Amino acid sequence: MSDLAIYQYLLIALVFVWSGFVRSGLGFGGAVLSLPFLLLVLDQPLVFLPIIAVHLLVFSSLTIWMNNRTGAGKQREAGSGTVDWQYLWRILAIMIVPKLIGVFGLITMPSDILSAIIFVIVALYSVSYIINRPFRSGSKTVDAIFLMVGGYISGTSLIGAPLIIAVAAQHLPKEKLRDTLFALWFILVLIKMAAFVWAGIDLQLIHHLWLLPCAAVGHVIGLYAHDRILQAETPVFFRLLGTVLLLVSSVGIVSVLW
């Protein structure tokens with residue numbers, strides 16, 4: 001990423017501000033809602049995935065620590081914290097094997113194929129946002145399938161969140177959902193980072209010096225937005241977001257196939 005034009009660096013910086021905002025505002029989306037934009041700037045998923053992973057490790061752990069340190073929410077008052085650890089370990093046990101399979105696929109898969117897969121998955125997610133019919137699980141069997149598929153997709157590209165949330169959102173109170181997901185993402189991303197190091201993938205450490213502050217700006221804005229999101233449904237926001245993602249993903253798919 002050292003030979004890009006100035007405007008490309010500016011676009012990447014803006015995308016990481018957006019990434020930080022949606023991650024802290026929604027509890028997910030740091031990858032799924034930013035990777036399509038990043039790949040239009042530079043079609044190299046393995047350049048951006050380590051950066052996104054480090055950002056998630058930093059900001060998810062920081063948010064959980066701050067919420068529990070300051071006694072945020074009714075859960076803290078009751079002494080239970082903001083993370084449902086019992087539920088977290090339960091779903092992690094279902095996801096761990098598909099996650100590891102996905103990580104292996106990421107390391108061995110050609111970048112153009114991985115980019116195409118990312119664009120297709122994001123396009124499917126965007127349609128569910130547009131029609132206001134997000135993925136929903138209806139039984140324990142479907143729960144397990146969603147978690148396993150979400151774990152595999154998370155292993156390949158860090159964008160399995162919508163399927164995982166389709167399960168978790170039905171079993172966790174809104175006040176615990178974001179921080180429990182943050183704890184889950186932290187564990188899953190830690191596995192991926194270990195695989196990156198083992199495979200000798202460039203972690204782009206020099207670029208964290210300027211991209212971490214960009215993500216931090218978005219993260220702070222997202223923290224303020226999160227409280228409002230808890231109090232209101234935002235279907236219009238997600239329809240607009242889905243439309244933009246579908247457009248971006250369509251352009252990405254065409255560019256990869258072309």
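Remember, predicted model here, so these are calculated numbers, not experimental data. The residues of the chain are indexed from 1 along the displayed sequence.
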Problem set entry | Heavy atoms of other groups near L190 CG, more than 12 under 6.0 Å | yes

Problem set entry | Residues in side chain to side chain donor-acceptor pair (under 3.5 Å) contact with W210, at least two apart in sequence or another chain | H207

Exercise. So do the side chains of V149 and P98 get within less than 4.5 Å of each other, counting heavy atoms only?
Worked result: no

Seminar exercise, completed: Taking every heavy atom of A183 against every heavy atom of V83, the minimum-distance pair comes out as CB-CG1, 4.0 Å

Exercise. Nearest 0.5 Å, what's the CD1-CD1 distance between I96 and I101?
Worked result: 10.5 Å

Problem set entry | Donor-acceptor pair between D84 and H171 side chains, under 3.5 angstrom | no

Exercise. Would you say V47 and L38 make side-chain contact, with heavy atoms under 4.5 Å?
Worked result: no

Problem set entry | Worked verdict on F146 versus I94 for side-chain contact (heavy atoms from CB on, under 4.5 Å) | CA-CA 10 Å; F146 275 20; I94 298 173; over 6 Å; no

Exercise. With under 30° as parallel and over 60° as perpendicular, where do the rings of H55 and F16 fit, or are they tilted in between?
Worked result: perpendicular

For this session: Not counting sequence neighbours, which residues clear side chain to side chain contact (heavy atoms under 4.5 Å, CB included) with L205? List them please.
Result: L203, H208

Seminar exercise, completed: The reported gap from CD1 in I187 to CZ in F182 (rounded to nearest 0.5 angstrom) is 14.0 Å

Problem set entry | L49 and L35: CA distance, side-chain angles, deciding distance, side-chain contact (heavy atoms from CB on, under 4.5 Å) verdict | CA-CA 8 Å; L49 287 174; L35 259 179; 3.7 Å; yes

